[in-house]
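Below you'll find the structure, written out as structure tokens, and then a few comments.
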Number of protein chains: 2
Amino acid sequence: MIDTNPTALRDTLREAGLRPTKQRLALARLLLGGGHRHVTADDLLAEARAQGVSVAQTTVYNVLHQFHRAGLLKEVLVESGRTWYDTKTGSHMHLYDEETGAVSDLDQDPRALQILDKLELPDDVDVMSVDVVVRVRAKKNQI
Amino acid sequence: MIDTNPTALRDTLREAGLRPTKQRLALARLLLGGGHRHVTADDLLAEARAQGVSVAQTTVYNVLHQFHRAGLLKEVLVESGRTWYDTKTGSHMHLYDEETGAVSDLDQDPRALQILDKLELPDDVDVMSVDVVVRVRAKKNQI
DNA sequence: GTACGTGCAAACGTTTTGCAGCGGG
DNA sequence: CCCGCTGCAAAACGTTTGCACGTAC
């Protein structure tokens, strides 16, 4: 877990090779300041502006990419057309509700994750990530 | 495996509740007629036209959605912005090359798939699919 | 001072929509 | 004949790009 007081956020950014600008600090606070979160670029932009942070859409996209490259965020691809970002960066699975579009973490028996970390893969490639998405729909209430 | 002679394709479409129109038959032949394939809407449109099939882009999108809904195709979401379709509908994993954008099937120890089929999930939801994508990059040639 | 960051507007590529006309049963 | 299907054009969507201005150090 990342320390989230202002000074620590500054250091986190600097360690990632990113200048601690006003916008990056504000977005870092929103993303990393609370518990684990799943956000889209649009979510983050709206949230930032709702809190009075002055930031452009372009900057939100830039920052999400930079944080992703720096390992501070995980990209979650569950819909074609929108990219989700997850502040929980460790190995885990995702649940995707096809009806509401909601993304959530799936806490799972560690053995399942171990198996996925030990897949037999071609040895001429480096594995960047192993992404698991469980697509679900709410059960119709059938008493 | 689906029988792919013209009459059988007709029946496949009818069983899916879809009229065997000229375009749907042509696209069904391209998709289901050969071995397993991974295509995007654009790929399929280009291929159809290269073979002299008269079909509109809209229709390709319509047909891909209809075939997906009918269980004839699997959707593969590996990039935000483009949807891939896989003619292999059974449970399996995918390999995605982040540099070339290529999608391929990952043949895997059946035990890994069994684990995925037995995940502990909330019991108020129906599982539509469990999708696994392994993101890779070619290793730099380092002798 | 200078390299990096931000923000606007315009462009991008894929997918979706509205609607007139066509064709399978 | 009718309902579903096709095809065109235009719009919509999230995202990316080009470039002038601003700011951290």
Residue B:Arg10 excluded, over 12 heavy atoms near CZ under 6.0 Å: no
Proximal nucleotide (of D:dT15, D:dC8, C:dT15) relative to the A:Ala41 side chain: D:dT15
Results of salt bridge (charged side-chain N to carboxylate O under 4.0 Å, His left out) for A:Asp123 - residues two or more places apart only: none
Rounded distance (Å) that lies between atom P of D:dC5 and atom CG of B:Leu64: 15 Å
A:Leu44 side chain reached by A:Tyr61 side chain, heavy atoms, under 4.5 Å: no
Working for side chain to side chain contact (heavy atoms under 4.5 Å, CB included), residues A:Leu72 and A:Thr89: CA-CA 7 Å; A:Leu72 299 172; A:Thr89 53; 5.7 Å; no
Presence of B:Gln66 side-chain N/O under 4.0 Å of D:dC5 phosphate oxygens OP1/OP2: no
Comparing B:Leu18 and A:Trp84 on DNA chain D - which has the more 5′ nearest nucleotide: B:Leu18
Non-hydrogen side-chain atoms of A:Glu79 and A:Tyr96 separated by less than 4.5 Å: yes
Candidates C:dT15, D:dC8, D:dA24 - which lies nearest the side chain of B:Ala56: D:dC8
Integer-rounded Å distance: C:dG21 P and B:Gln23 CD: 18 Å
Distance test, side-chain N/O of B:Thr83 to OP1/OP2 of C:dT15, below 4.0 Å: yes
Same apolar cluster: B:Val134 and B:Leu113, side chain cutoff 4.5 Å: yes
Polar side-chain contact B:Thr21-D:dC5 base: donor and acceptor under 3.5 Å: no
Interatomic distance, B:Lys22 NZ vs C:dG24 P [rounded to whole Å]: 8 Å
Gap between atoms OH and P, on A:Tyr61 and C:dA9 respectively (whole Å): 17 Å
Toward the 5' end of DNA chain C, by each residue's nearest nucleotide, A:Thr59 or B:Thr40: A:Thr59
Estimated bend of the helix from C:dG1-D:dC25 to C:dG25-D:dC1 (axis per five terminal pairs, rounded to 10 degrees): 30°
Shortest side-chain distance from B:Arg14, nucleotide among D:dC25, D:dT6, C:dG25: C:dG25
Touch class at under 4.0 angstrom, heavy-atom based, for B:Arg19 against every strand present: base
Between P of D:dC5 and CZ of B:Arg69, the distance in whole Å: 10 Å
Nearest-angstrom distance from the residue atom CG of A:Leu25 to P of C:dT6: 10 Å
Polar side-chain contact A:Thr58-C:dC8 base: donor and acceptor under 3.5 Å: yes
4.5 Å side-chain heavy-atom contact, A:Leu45 and A:Val55: yes
Nearest-angstrom distance from the residue atom CZ of A:Arg24 to C1' of C:dG5: 6 Å
N/O (side chain, B:His65) to phosphate O (OP1/OP2, C:dT16) under 4.0 Å: yes
Derivation of the salt bridge (Lys or Arg N to Asp or Glu O under 4.0 Å) call for A:Asp43 and A:Arg82: CA-CA 11 Å; A:Asp43 292 342; A:Arg82 246 186 348 169; 5.5 Å; no
Whole-Å distance separating the CD atom of B:Glu79 from the P atom of C:dC12: 20 Å
